[in-house]
Amino acid sequence: PLVLNASGGGTVNTGIFITGSAATGTINFTDVEIAGARTGLRIGDARPILNIDRLIIQTGSNGTGILLEDYNPTVANLATDPDDILQISGGSVGIEIRRTNLSSAFQTLTIGHANPSQGAGTSITNSGSVSLRIEDTGRTSPSRTTITFNGSITQPSGQHAIDLANLRDTALTFNGPIVATTDDVAIISKVDSLSRLTFTGGLDLTTTTSAAAIDVTEGSLSVTGAGN
């Protein structure tokens with residue numbers, strides 16, 4: 001494997017950083033491990049196809065596993081084959097997606113395979129603050145966006161397991177199990193009335209304060225699966 005280890009001392013801001021409109025084509029992560037960087041993988045205003053066979057990210061403290069900023073292929077698929085492995089652990093945020101430009105933002109994003117092979121699959125574990133954060137800023141008249149997360153989330157502490165902010169006309173589906181203990185709302189969803197939030201893999205949510213397990217401002221919410 002290709003191993004990028006920044007945990008030996010000092011501060012490395014980003015393990016792999018891909019940016020700029022000229023960053024196109026296909027980037028293959030055949031067998032890559034990133035450890036200790038403040039941000040493991042960062043994509044900024046670029047549109048390469050990311051072909052992830054095996055990507056393991058162990059994030060440094062207060063860091064982010066994967067940061068997608070205006071990642072803009074029309075259709076984005078991350079680790080969507082049955083044998084693909086995408087594992088993110090530690091740090092502050094597991095995956096963060098920021099979209100500021102409607103004209104360049106993806107319309108469909110799928111992370112993980114719904115029925116991975118044994119030993120494969122997508123997971124976010126032990127994030128210190130938020131496992132998955134998606135935020136829209138500046139999108140006033142968006143077309144429908146579809147986001148599907150087929151991985152598992154395991155978060156023993158922190159602020160939110162899932163944090164959705166300012167999403168417009170977005171259909172989000174979570175097909176994997178989500179187990180979280182948080183000191184604030186476990187799943188917070190600030191979306192518009194056109195958005196849909198669907199959980200099919202089972203929820204096991206605990207809040208250590210008086211906060212609600214799920215807080216949805218608008219849009220529709222559907223929860224199915226074992227343990228609900």
Side-chain angles (χ1 to χ4, degrees), residues 1-7 12-60 63-91 93-99 105-127 131-134 145-155 162 172-178 200-201:
L2 171 63
V3 178
L4 305 175
N5 192 337
S7 59
V12 175
N13 284 329
T14 306
I16 298 175
F17 186 15
I18 302 166
T19 186
S21 58
T24 59
T26 300
I27 299 175
N28 296 309
F29 293 83
T30 303
D31 193 358
V32 179
E33 299 179 9
I34 303 171
R38 184 167 292 170
T39 300
L41 171 63
R42 180 179 177 184
I43 310 292
D45 193 20
R47 61 179 66 204
I49 303 300
L50 302 180
N51 182 21
I52 297 175
D53 295 331
R54 181 179 181 271
L55 176 58
I56 310 296
I57 299 176
Q58 297 177 345
T59 311
T64 300
I66 295 178
L67 174 58
L68 304 178
E69 299 174 292
D70 286 330
Y71 178 46
N72 54 30
T74 302
V75 177
N77 296 311
L78 305 182
T80 53
D81 289 338
D83 296 329
D84 290 346
I85 297 173
L86 174 59
Q87 296 177 358
I88 301 169
S89 62
V93 179
I95 296 177
E96 181 166 357
I97 300 169
R98 302 175 187 165
R99 299 183 297 175
F106 61 81
Q107 293 180 340
T108 301
L109 170 65
T110 302
I111 302 175
H113 191 279
N115 297 293
S117 304
Q118 185 174 1
T122 295
S123 63
I124 303 174
T125 59
N126 299 325
S127 297
S131 290
L132 177 61
R133 174 181 287 140
I134 305 173
T145 298
T146 301
I147 300 173
T148 303
F149 183 78
N150 290 316
S152 64
I153 291 175
T154 304
Q155 183 170 322
I162 297 172
L172 301 106
T173 302
F174 297 86
N175 291 320
I178 299 173
T200 67

Problem set entry | Close side-chain approach of Thr64 and Arg133, heavy atoms under 4.5 Å | no

Exercise. Thr154: what forms a side-chain contact (heavy atoms from CB on, under 4.5 Å) with it, not counting sequence neighbours?
Worked result: Thr125

Problem set entry | Partners meeting side-chain contact (heavy atoms from CB on, under 4.5 Å) with Asp81 (sequence neighbours left out) | Asp84

Seminar exercise, completed: Partner of Leu55 under side chain to side chain contact (heavy atoms under 4.5 Å, CB included), picked from Ile85, Leu41, Thr122, Ile88, is Leu41

Exercise. Considering all heavy atoms of both residues, which atom of Ser127 and which atom of Val93 are nearest to each other, and what is their separation?
Worked result: OG-C, 4.1 Å

Exercise. So, for Ile49 and Val75, which heavy atoms are closest and what is the spacing to 0.1 Å?
Worked result: CD1-O, 4.5 Å

Seminar exercise, completed: Note: Pro73 and Ala46 closest approach over all heavy atoms is CD-O, 4.2 Å

Problem set entry | Nearest-0.5 Å distance that lies between atom OG1 in Thr110 and atom CD1 in Ile147 | 9.5 Å

Exercise. Does any donor atom in the side chain of Ser89 or Asn126 lie under 3.5 Å from an acceptor atom in the other side chain?
Worked result: no

For this session: Measure the shortest side-chain to side-chain distance between Leu86 and Ile66 over non-hydrogen atoms and say whether it is less than 4.5 angstrom.
Result: yes

Exercise. Taking the side chain as C-beta and beyond, is there a heavy-atom pair between Tyr71 and Leu50 under 4.5 Å?
Worked result: yes

For this session: Rounded to the nearest 0.5 Å, what's the gap from CD1 on Ile97 to CZ on Phe149? Could you check?
Result: 9.5 Å

Exercise. Are Ile27 and Ile16 close enough that some pair of their side-chain heavy atoms sits under 4.5 Å apart?
Worked result: no

Exercise. Can you tell if the side chain of Glu33 reaches within under 4.5 Å of the side chain of Arg54, non-hydrogen atoms only?
Worked result: yes

Problem set entry | Nearest-0.5 Å distance, CG of residue Leu132 to CG of residue Leu172 | 8.5 Å

For this session: To the nearest 0.5 angstrom, please state how far the CD1 atom of Ile111 sits from the CG atom of Leu68.
Result: 7.0 Å

Exercise. So how far is it from Thr148 OG1 to Leu109 CG, rounded to the nearest 0.5 Å?
Worked result: 8.0 Å

Exercise. Just wondering, do His113 and Asn150 contact through their side chains at under 4.5 Å, heavy atoms?
Worked result: no

Exercise. Is the CD atom of Glu96 crowded by more than 12 outside heavy atoms at less than 6.0 Å?
Worked result: yes

Exercise. Excluding sequence neighbours, so at least two apart, what forms side-chain contact (heavy atoms from CB on, under 4.5 Å) with Arg42?
Worked result: Thr14, Phe17, Thr39, Leu67, Glu69

Problem set entry | Distance in Å, Ile18 CD1 paired with Asp45 CG, rounded so as to fall on 0.5 Å steps | 13.0 Å

